[in-house]
Every structure is written in C-alpha cells, then in structure tokens.
Amino acid sequence: MNPIATQSVTERLGDVIDLLRHVRADWIEVLTVTPERVCLQPWHLDDGESIARALGLDHAIDQRMMEPGYTLWTGTWRGVEVQVRGALRAGVPVF
C-alpha cells in the first residue's frame, strides 16, 4: 500500500509545495493532487522530460496512439508517487 494514500489531499499540500520548489513551478500549467499521487503537466510539453529528470523519475510510458502523442514519466519523489506529462520521445514510428 502506498504510504501516502493514508493522507488526505490537505495533508499532502506540504509535499506538493516542496515538489514545486524543487522544479520550476512557473513551468507547470496543470497540477493534480489525489490521495494516491501528484500529476504535473508543464505549459510546454517539451519541458516534461527535464522536470521528470529533476525529480529523478525514470520510468517512461509512450502514448503513441493518442493525438497528439505524449510520454508519461512516473516514479516516486520523497515517498510520493509523481507523474509528469511530456512531449512524446523520439522512437520507432507506429504504423
């Protein structure tokens, strides 16, 4: 069980503030906080990978079937599950 899941969204706000201090908060367009995770979407999806790397998130899921495609970076930052949406990584095209 995720230890953060026992916290309410209100109790999590301190973690979120620390997270935003760790990255460039002015780059973030959408911030979603749930009892299970924190999700970030930057104003410019090209910044998503940089934000994810700054948080040490190294699991990436490429969503190529969506239009536009994107990469979802996931991992844990200081015990909190974090997801960051970013521009689709270059790779093998889908036919």
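Heads up: numbering here begins at 1 and tracks the sequence.
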Restricting to non-hydrogen atoms, name the atom on Arg89 and the atom on Ala60 that form the minimum distance, rounded to 0.1 Å.
CZ-CB, 3.7 Å
Could you go through the side-chain contact (heavy atoms from CB on, under 4.5 Å) check for Gln63 and Thr71 one step at a time?
CA-CA 6 Å; Gln63 301 291 333; Thr71 297; over 6 Å; no
Gap separating the CD atom of Gln41 from the CG atom of Asp47, nearest 0.5 angstrom
11.5 Å
I need the minimum non-hydrogen distance between Asp18 and Arg78, along with the two atoms involved.
CB-NH1, 4.1 Å
Grab the two heavy atoms, one from Leu88 and one from Tyr70, that are nearest each other, plus how far apart they are.
CD1-O, 3.5 Å
Let's go through Thr32 and Val38 carefully: what are the C-alpha distance in whole Å and the side-chain angles of both, what is the deciding distance for side-chain contact (heavy atoms from CB on, under 4.5 Å) to 0.1 Å, and is it a yes or a no?
CA-CA 6 Å; Thr32 305; Val38 175; over 6 Å; no
Taking atom CD of Gln83 and atom OG1 of Thr74, what is their separation to the nearest 0.5 Å?
6.5 Å
Go through the structure and list residues passing side chain to side chain contact (heavy atoms under 4.5 Å, CB included) with Thr76, not counting sequence neighbours.
none
If hydrophobic clusters are built from ILVMFWY residues whose side chains come within less than 4.5 Å, do Trp73 and Val33 share one?
yes
Listed partners of Leu20 passing side chain to side chain contact (heavy atoms under 4.5 Å, CB included), at least two apart:
Val16, Ala25, Ile28, Leu31, Leu40
Please report the closest heavy-atom contact between Val23 and Ala54, naming both atoms and the distance.
CG1-CB, 4.4 Å
Straight-line distance of His22 NE2 to Ile17 CD1, nearest 0.5 Å
16.0 Å
Closest contact, heavy atoms only, Asp15 versus Trp77:
O-CZ3, 3.9 Å
Sequence neighbours excluded, every pair satisfying salt bridge (Lys or Arg N to Asp or Glu O under 4.0 Å) that has a member inside residues 49-59:
Glu49-Arg53
Atom of Gly48, atom of Val84 and distance for their closest heavy-atom approach:
O-CG1, 3.5 Å
